[in-house]
Amino acid sequence: MDWNLLGVALLLTLSGLYFLETELTRAPLQEFPARVLQPARTALERAWQTEPVQVFMRQLLAARHRRSDLWLMDKARF
């Protein structure tokens, strides 16, 4: 591995973390009134609040199955 490449990657990572930390300390704390924050109304909203990645993957797979004629992976022709 090239040590210069590793050094640049480490420097970029550390500078990015430093930038994020300074922005977090300068950002104002926001408090929303209770009427703005409403509870989830549907099962999909509750699932999105608890497991957003799983909900996104389920929606992606559902879209894939709706368009399965266009996907070569479904026909085992890759």
Side-chain angles (χ1 to χ4, degrees):
M1 174 180 244
D2 187 15
W3 290 106
N4 290 332
L5 183 63
L6 181 66
V8 169
L10 184 63
L11 182 65
L12 286 174
T13 303
L14 289 175
S15 64
L17 289 174
Y18 176 74
F19 175 74
L20 285 175
E21 182 66 28
T22 56
E23 290 298 315
L24 278 175
T25 56
R26 288 191 338 195
L29 181 64
Q30 295 182 353
E31 294 184 16
F32 294 106
R35 69 178 194 281
V36 174
L37 300 175
Q38 298 176 353
R41 294 178 299 254
T42 64
L44 181 62
E45 287 180 1
R46 284 192 301 275
W48 181 258
Q49 289 177 355
T50 57
E51 317 176 310
V53 174
Q54 287 86 353
V55 171
F56 173 74
M57 291 304 294
R58 284 188 209 123
Q59 290 173 344
L60 189 65
L61 287 174
R64 180 176 176 250
H65 285 293
R66 282 194 301 269
R67 300 184 60 176
S68 65
D69 292 337
L70 302 175
W71 288 79
L72 298 176
M73 296 282 286
D74 288 340
K75 298 177 183 178
R77 293 183 305 180
F78 24 77

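The first residue of the sequence shown is numbered 1, and numbering continues consecutively from there.
The distance from the CG atom of L11 to the CG atom of L6 is 11.0 Å, given to the nearest 0.5 Å. Going from atom CG of L10 over to atom CG of L5 covers 11.5 Å, rounded to the nearest 0.5 Å. Atom-to-atom distance recorded for L44:CG and Q59:CD is 6.0 Å, nearest 0.5 angstrom. The distance from the CE atom of M57 to the CZ atom of R64 is 10.0 Å, given to the nearest 0.5 Å.
A search for side chain to side chain donor-acceptor pair (under 3.5 Å) contacts involving E23 returns R26, not counting sequence neighbours. Scanning for side chain to side chain donor-acceptor pair (under 3.5 Å) contacts around E45 gives R41, with sequence neighbours left out. For R46, the salt bridge (charged side-chain N to carboxylate O under 4.0 Å, His left out) test picks out no residue, with sequence neighbours left out.
The heavy-atom pair separating W48 from F56 by the smallest distance is CZ3-N, 4.1 Å.
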